[in-house]
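Structure, as structure tokens:
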Amino acid sequence: MNIDGTAYRTIWLGDDGATVEVIDQTQLPHRFDVAKLTSLEDTSHAIRDMLVRGAPLIGATAAYGMALAMREDSTDSGLANAHAMLMAARPTAINLRWALDDMLLRLESQPTDVRVGIAYERAAQVCDEDVAINSAIGDHGFEVIREFYEARGGNSPINILTHCNAGWLATVDWGTALAPVYKAHDAGIPVHVWADETRPRNQGAALTAWELERHGVSYGVVADNAGGHMMQQGLVDLCITGTDRTAASGDVANKIGTYLKALAADDNDVPFYVGLPSPTIDWTIMDGVRDIPIEKRDQEEVTHISGKTAEGSITKVQLTPDGAKAVNYAFDVTPARLVTGLITERGVCAASRDGLAGLFPERATPASEVLRRRRRR
Ligand code: MRU
């Protein structure tokens with residue numbers, strides 16, 4: 001997408017052909033900084049401390065992390081160590097496991113002296129595939145928005161509520177939840193986005209607002225607790241969120257607070273869609289509420305907040321009383337019954353095993369196999 005007229009992805013290879021460069025999202029929206037990753041350790045830090053975040057971008061960064069790791073140690077133990085270290089960086093986004101397993105599978109059968117080249121080549125492909133997948137999600141989601149627009153008589157903007165940031169910053173490009181928004185906007189359909197602020201890290205207020213602003217899409221940031229009221233007042237036509245891991249049953253893990261929005265949407269007959277790239281499907285899990293691991297992050301993300309002062313410097317302040325304890329759940333799971341449809345790169349389907357298996361028959365694990373694995377756990 002464009003930043004002030006220049007086309008960017010969130011991750012790219014530096015001029016030396018080895019360094020991996022990423023937009024440092026911890027500095028947005030106030031500073032646009034590029035971080036250079038030159039080692040496995042750098043990559044693990046970038047994922048853990050959220051210089052990069054969003055499930056698809058975490059996967060793409062991990063793929064490049066394997067390439068950087070192969071430069072340091074391309075032996076079998078170097079490969080296993082890199083896989084284990086990156087896998088431990090963040091637990092919920094399944095794209096991390098997907099990318100690391102993909103890299104491991106391709107590299108372990110190869111002689112050590114060719115692993116670096118293969119790893120870089122595959123990491124670049126993972127990035128390109130992500131862009132193509134998200135663009136296709138945008139095309140299918142565009143049809144959903146267009147139908148709404150036409151059903152409303154084609155003369156009023158469609159109001160879309162989203163949670164967290166599932167725009168291009170969360171992916172290599174386009175985004176998942178926001179790809180349909182960009183496609184609709186670019187095609188001349190008036191859209192207005194309600195961006196949930198998304199405490200505690202404020203991905204909506206900081207990142208979604210920043211990217212919509214750059215692209216010229218109409219939006220307003222709303223407090224996380226406003227969504228229910230706004231739906232009751234008819235201010236939301238549909239919700240579209242992203243996902244960090246979707247179970248084979250259609251249960252959707254996404255940023256903490258998504259579940260509450262889905263409940264409010266259900267109560268107000270507001271359709272609730274999820275932009276779902278296929279690498280985000282966990283075919284081994286049927287019960288998302290029970291089995292998807294939920295990341296717990298540092299309590300300081302809840303007790304403190306950072307922002308720009310009137311003088312223009314970035315500062316962090318404490319919100320809670322001295323010594324206050326907090327708990328920081330980073331994700332929640334929205335049961336499939338609350339999801340109107342999953343917008344995938346192959347089309348829109350019901351949030352159910354049959355819906356997903358219908359679109360991805362070659363990947364769907366038979367239900368009996370899932371149950372067998374669960375019994376073995
Ligand atoms: O903790 P984050 O910022 O990595 O969480 C990101 C989200 O929850 C996104 O909604 C999700 O990854 C979908 S990204 C296209």
Side-chain angles (χ1 to χ4, degrees), residues 1 9-11 22-26 28 46-62 89-99 127 130-131 133-138 141 161-182 193 195-208 210-211 224 239-246 252-262 272-282 288 292-298 301-302 328-334 339 342-345:
M1 303 296 275
R9 284 183 173 187
T10 51
I11 185 167
V22 295
I23 298 173
D24 180 353
Q25 301 191 24
T26 61
L28 289 173
I47 296 173
R48 219 180 28 243
D49 292 342
M50 295 177 66
L51 282 71
V52 292
R53 27 70 51 202
L57 179 56
I58 289 171
T61 309
R90 289 193 75 190
T92 302
I94 190 70
N95 303 57
L96 181 64
R97 186 176 83 197
W98 174 86
C127 290
D130 181 63
V131 178
I133 285 173
N134 300 330
S135 176
I137 287 174
L161 182 135
T162 192
H163 192 71
C164 193
N165 170 261
W168 71 272
L169 287 171
T171 64
V172 178
D173 205 350
W174 280 112
T176 56
L178 291 189
V181 168
Y182 288 127
V193 177
D196 282 351
E197 61 176 346
T198 319
R199 280 283 291 151
R201 286 188 67 102
N202 297 307
Q203 288 95 328
L207 306 177
T208 301
W210 183 81
E211 60 171 88
D224 285 330
C239 301
I240 312 181
T241 73
T243 170
D244 295 87
R245 186 186 302 218
T246 289
V252 170
N254 193 48
K255 182 52 54 190
I256 191 77
T258 304
Y259 173 43
L260 288 175
K261 293 300 143 63
F272 189 95
Y273 286 93
V274 174
L276 170 65
S278 58
T280 309
I281 305 168
D282 187 342
I292 294 179
I294 299 298
E295 178 180 14
K296 260 174 138 182
R297 294 185 62 83
D298 197 313
E301 293 181 351
V302 176
N328 186 5
Y329 295 103
F331 300 96
D332 60 25
V333 177
T334 298
V339 178
L342 300 169
I343 309 171
T344 78
E345 70 268 29

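The analysis underlying the following values was restricted to heavy atoms, covering all of them including side chains, and did not include hydrogens, waters or symmetry mates. The first residue of the sequence shown is numbered 1, and numbering continues consecutively from there. Start at 1 and go down the list; that is how both ligands and their atoms are numbered.
- Applying the side chain to side chain contact (heavy atoms under 4.5 Å, CB included) rule to A166 yields the partners T176, A177; only residues at least two apart in sequence or on another chain are considered.
- The cationic atom of K261 (NZ for Lys, CZ for Arg) does not lie both less than 6.0 Å from the six-membered ring centre of F272 and within 45° of the ring axis.
- The pair E295-R297 counts as a salt bridge, with a side-chain nitrogen and a carboxylate oxygen less than 4.0 angstrom apart.
- By the side chain to side chain contact (heavy atoms under 4.5 Å, CB included) test, A89 pairs with I47, sequence neighbours left out.
- Protein residues are said to neighbour a ligand when one of their heavy atoms lies under 4.0 Å from it; for ligand 1 these are M50, R53, G54, A55, P56, R90, C164, N165, A166, A170, T171, T176, Q203, G242, T243, D244, N254, K255, F331.
- Checked against ring pair (Phe, Tyr, Trp, His ring centres under 6.0 Å), Y273 has no partners two or more places apart in sequence or in another chain.
- Taking each heavy atom of T26 and R201 in turn, the nearest pair found is CG2-NH2, 4.2 Å.
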